[in-house]
Amino acid sequence: MSVIKGIKGVKDLLPEETPRWRFIEESARRWATRYGFHELRIPIFEVTTLFARSIGASTDIVEKEMYTFQDRDGTSLTLRPEGTAGTVRAYIEHNRGAIPVPQKYFYTGPMFRHERPQAGRLRQFHQFGVESYGMADPHADIEVIALLWRILNNLGLPSLTLEINNLGQTADRDAYRPILIAYLKEHETGLCGNCKHRIAANPLRVLDCKVPECRTITEPAPRLSDFLSDNARSYFAHVLAGLEAIKIPYTLNHRLVRGLDYYNLTTFEVTATNLGAQNAVGAGGRYDGLVETLGGASTPAVGFAVGLERIAMLLPDSHKSIVATDATVYVAGFGLKGSVAGLTALEELRVSGISAVSDFRSTTLKAHLRQADRLRCQFALLLGDDEVAKGVAVLRNMESKAQHNVLLSALSLQVKPLLSPS
Ligand code: ATP
Ligand code: MG
């Protein structure tokens, strides 16, 4: 029969990798908790209009990357391509704005985008993200950026750069947009196909294009920074001063843009030089207009999302060696009575809190001991018919080969103290 394979760009995480992933996730959770964020679990799928309206029709995600399908009643549903849309929907739906303290959430889990799979770019990938609602204050931006920076640095990821830009307010961009469009039209012939299309659909995104010809053309283009209001400048100056005060290094990047109106002021991205073409580890920014766009009350908001695959790729070797914890005791029950007693012993040890395993295919002591070695157990509990007849078992230290008799009637009580290293 033909073998059924997994989907292109959708990976399995094998037991050799999951401990590393858990380490990353737990570290991110721990930091987020330290910064006063609480976990929110949002669904994997939502109505398509949620993403179309929140991510924006003229973005790569909505134009060509969403996994959209019809439910049985004809409703269009989409597998979440990111976490902000669902978070905002939940925030509005559960009236979280009525709670008189800032709502600060984190989430983690799989996201889905139909992209061309390559290293660091998958169709099912994983993000860890945070969103902070209710505070129109530079300190909220600083807090979110600091958390992002601490998570990545604490994991020991090498050569990270925090890039940051000021998108100003809608009115600032409205003043800038026609000037930029005029400039881009003048240079249209040299731009890539995507960017030609972006001039009308989403002109600011041309600045973000990675195609070298486009970058050359946009280098001398008029800059948004010359169109910012005093308020926007002062807000951003506070964000930068705060980052300096807490010693988080940043680089200004005027190309960092998000072409949608509900994004404003602070926008940032963390990149890593050793990731190759997919060099973004995480990105975020302020999006004060989105809650209103999705039908809620006007609510200031700021957040970020990081890609866990890219973090896993960057983890230093010292962390890459994190592997699953091995069971402590191997139970070797052999012979007719021994194998029956082995089953009871195995269960008793587990219930008493000791991790214990056995390979039920092994029937001889020799075979059992070989498996105990392969499974890297520190101890083996030997139980043959002779031992059962005497009411004992032999606890063997697999390394030193030292052996101790223990009473079967007080098994876990006698085994436990023998397991401690002293
Ligand atoms: P990129 O420029 O790499 O396409 P993006 O702007 O689409 O990134 P965001 O939507 O900002 O990415 O998502 C935040 C993070 O999620 C990215 O910085 C990246 O680490 C990760 N990410 C995004 N898309 C993918 C993917 N298809 N596979 C793996 N990780 C991804
Ligand atoms: Mg993308």
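Ligands are counted one by one from 1 in listed order, and the atoms in each one are counted from 1 as well. In this chain, residues are counted from 1 in sequence order.
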Asker: Can a salt bridge be assigned to the pair E219 and R255 using a cut-off of 4.0 Å between side-chain N and carboxylate O?
Answerer: yes

Asker: Parallel, tilted or perpendicular: which one describes the rings of F304 and F128, with boundaries at 30° and 60°?
Answerer: tilted

Asker: In the protein, what heavy atom is nearest to atom 21 (C) of ligand 1, and what distance, to one decimal place, separates them?
Answerer: G307 CA, 3.6 Å

Asker: Which ligand 1 atoms are under 4.0 Å away from a heavy-atom of A305?
Answerer: 14 (C), 15 (C)

Asker: Any luck finding a side-chain donor-acceptor pair between Q103 and H94 under 3.5 Å?
Answerer: no

Asker: Please say which of E131, E143, E39 ends up in a salt bridge (Lys or Arg N to Asp or Glu O under 4.0 Å) with K104.
Answerer: E143

Asker: What protein heavy atom sits nearest atom 11 (O) of ligand 1, and how far away is it?
Answerer: A283 CB, 3.8 Å

Asker: Could you check atom 28 (N) of ligand 1 against the protein and tell me its nearest heavy-atom contact, residue, atom and distance included?
Answerer: L122 N, 2.9 Å

Asker: Please work out, at 4.0 Å between heavy atoms, whether the side chain, the backbone, both, or neither of E115 comes within that distance of ligand 1.
Answerer: side chain

Asker: Identify the protein heavy atom lying closest to atom 22 (N) of ligand 1, giving its residue, its atom name and the separation to 0.1 Å.
Answerer: F125 CE1, 3.5 Å

Asker: Please state which option from R310, K210, Q127, E65 has its nearest heavy atom closest to atom 16 (O) of ligand 1.
Answerer: Q127

Asker: Would you tell me which option among I61, I55, D60, V281 has the nearest heavy-atom contact to atom 20 (O) of ligand 1?
Answerer: V281

Asker: State whether the number of non-hydrogen atoms from other residues, nucleotides or ligands found under 6.0 Å of H238 atom NE2 is greater than 12.
Answerer: no

Asker: Any Lys/Arg nitrogen of R177 or D174 sitting under 4.0 Å from an Asp/Glu carboxylate oxygen of the other?
Answerer: yes

Asker: A quick test of your reading: do over 12 heavy atoms of other residues, nucleotides or ligands sit less than 6.0 Å from CD1 of I7?
Answerer: no

Asker: Return the residue, atom name and 0.1 Å-rounded distance of the protein heavy atom closest to atom 2 (O) of ligand 1.
Answerer: R121 NH2, 4.2 Å

Asker: Out of H114, Q124, R113, E309, who is nearest to atom 24 (N) of ligand 1 when you count heavy atoms only?
Answerer: R113

